[in-house]
Amino acid sequence: MEQLHHDIVERILERLTAKSLGRFKSVSRRWKSTIESRYFQNRQLICGGDDPQVLLVYLSCDVAAPPNIQPVVSDEAQVTAVKITPTESENCTFVSQTSCDGLVCLYSFYDSGLVANPTTGWSRCFPPSRLQQLIHGLQEKFFELAYRFPLLGFGKDNLRDTYKPVFLYNSSELGLDNVTTCEVFDFSANSWRYVVPASPHRIIASREPLYFDGSLHWFTEGQDETKVLSFHLHSETFQLISNTPLPFPGRVHPEDIALCSLSNRLCVSLKTDLLQLIWSFAPRNNNNNDKTWVKLYTIDLNTTSFWFGSTHTLALSALSLSGTTNKFLLYDREYNEHKQHLVLHDPATKSFDLLLSAKSIGLPLSYVQSLISIY
């Protein structure tokens, strides 16, 4: 290696796995400087040998999480688990449902949040938003409002190569004048700031925002029609993603719908008594500028009830796998005293295979190992 030009060494190193590179930092100061540079880390994320996997995120306060969780490997997926321990000042209790470039975002009602890289052990906390400070100031009065605490979105501005935690929340219940309020955390300034104007559409706060293709997405709240709202993380502007109505029959219960990403497409899902239907936002007649909702999958809930029960109230969550397979994972977001399951579904054969069963499976995320950190 010493006889090779360092540019060639870099090209070799960027094709290695993130875990291997963590050990190679001790070879020399130059290697350490190279591996810790943001340019190299971005290149390694693109060229490296790490395949996407399913990461089960447990918090230290999750007593159901076993101290040692063995990886589960199948032909289609590798499932690994990580236990993240926030500090007492962070006290995180939630995990954003999207991992970006190997980074995981944790947060709580009142306290500081945390962005962590489980592969390298790097983490950085961020202070409470103004919403969280307001809730903390209200104390018990907050719960009297019957206000649904909004779920934090986490995504990436692909043009600036920056990562952003985002709170979007309905405002009228909190005595604010605007329809919604949007706060974005800026890691370079280490502070939250308002986005003005915020969305003119109220959101369904109980459903997780989904990061997909440079934007965060929410369901809108409406008397007669539910829509999908997007927030572009570079321009920081809101828009409804389609003039085509969602394929939901009239008004639906918020617990029956979910957002997901399957086959590299934005998808919406609806649970009925017997079926769960999934549509993707896809080009109409091969015209990429004209998209509509196309039915992608139909899941027989009579079959899945063997694992998830026949009375589960939330729509099952779907998690895409990498590669050429169309198989995907299903899991139930409800936490109770019974076991939780991670089930592999093959829509071509309509078959289901149990991948993991445990007292708690944490929160499953689609994850790729990386060296990325935020400074």
In terms of heavy-atom contacts, does [atom1] of [X] have more than 12 from other residues, nucleotides or ligands at under 6.0 Å?
X    : atom1 : result
Y110 : OH    : yes
R148 : CZ    : no
N264 : CG    : no

Closest approach of [X] and [Y], non-hydrogen atoms and distance?
X    : Y    : result
C105 : L152 : SG-CD2, 3.6 Å
N190 : R124 : OD1-NH2, 3.4 Å
I372 : L103 : O-CD2, 3.4 Å
S366 : S320 : OG-O, 4.3 Å
L371 : F40  : CD1-CE2, 4.1 Å
L319 : L262 : C-CD2, 4.0 Å

Between [X] and [Y], is there a shared hydrophobic cluster once you connect ILVMFWY residues whose side-chain heavy atoms come closer than 4.5 Å?
X    : Y    : value
W218 : F154 : no
F212 : V54  : no
L246 : L210 : yes
I241 : V195 : no
I46  : I8   : no

Checking ring-ring contact (aromatic ring centres under 6.0 Å, His included) against F185, which of Y194, W192, F167 comes through?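 For F185, the ring-ring contact (aromatic ring centres under 6.0 Å, His included) test succeeds with only one of Y194, W192, F167, which is W192.
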
Given side chains that start at C-beta, do those of [X] and [Y] come closer than 4.5 Å, heavy atoms only?
X    : Y    : result
I299 : F328 : yes
R11  : R15  : yes
P150 : L131 : yes
V166 : L233 : yes
Y331 : W307 : no
S172 : R202 : yes
H345 : P347 : yes
H136 : P128 : no

Output yes when a side-chain donor or acceptor of [X] lies under 3.5 Å from a complementary backbone atom of [Y], and no otherwise.
X    : Y    : value
R207 : L259 : no
Y147 : L174 : no
Q132 : S108 : yes
Q44  : L13  : no
N170 : I203 : yes
N117 : S370 : yes
T34  : R30  : yes
S199 : H201 : yes
H253 : E255 : yes
S99  : V104 : no

[X] side, atom [atom1]; [Y] side, atom [atom2] - distance, nearest 0.5 Å:
X    : Y    : atom1 : atom2 : answer
L355 : L344 : CG    : CG    : 6.0 Å
T180 : N178 : OG1   : CG    : 6.5 Å
L45  : D101 : CG    : CG    : 4.5 Å
K271 : D273 : NZ    : CG    : 6.5 Å
H341 : L330 : NE2   : CG    : 13.0 Å
I278 : R265 : CD1   : CZ    : 13.0 Å

For D157 and K164, what are the C-alpha separation, side-chain angles and deciding distance, and is it a salt bridge (charged side-chain N to carboxylate O under 4.0 Å, His left out)? CA-CA 7 Å; D157 175 346; K164 298 180 179 181; 3.8 Å; yes

For side-chain contact (heavy atoms from CB on, under 4.5 Å), just list the numbers for L316 and L301, CA-CA rounded to whole Å, side-chain angles, deciding distance to a tenth of an Å, and then say yes or no. CA-CA 9 Å; L316 295 175; L301 296 180; 4.0 Å; yes

Is there a side chain to side chain donor-acceptor pair (under 3.5 Å) between R130 and T181 once you walk through the steps? CA-CA 10 Å; R130 292 157 188 174; T181 300; over 6 Å; no

Between E236 and R193 (salt bridge meaning N to carboxylate O under 4.0 Å), is one present in this structure?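 Here E236 pairs with R193 in a salt bridge, since their nearest N and O are under 4.0 Å apart.
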
Do F187 and Y163 make the cut of ring centroids closer than 6.0 angstrom?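 No, the ring of F187 stays outside the 6.0 Å limit from the ring of Y163, centre to centre.
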
How far apart are the C-alpha atoms of I257 and I204, what are their side-chain angles, what is the distance that settles it, and do they pass the side-chain contact (heavy atoms from CB on, under 4.5 Å) test? CA-CA 10 Å; I257 57 178; I204 298 177; 4.0 Å; yes

Check: [X]/[Y] side-chain N/O donor and acceptor closer than 3.5 Å:
X    : Y    : value
Q276 : Y297 : no
T80  : Y367 : no
Q369 : T17  : no

Run the numbers on F109 and F94 for ring pair (Phe, Tyr, Trp, His ring centres under 6.0 Å), then give the verdict. CA-CA 9 Å; F109 275 111; F94 302 102; 5.4 Å; yes

Mind running side-chain contact (heavy atoms from CB on, under 4.5 Å) on F219 and V252 for me, showing each step along the way? CA-CA 11 Å; F219 283 119; V252 295; over 6 Å; no

Carefully, step by step, assess T120 and S373 under the rule side-chain contact (heavy atoms from CB on, under 4.5 Å). CA-CA 9 Å; T120 65; S373 55; 5.9 Å; no

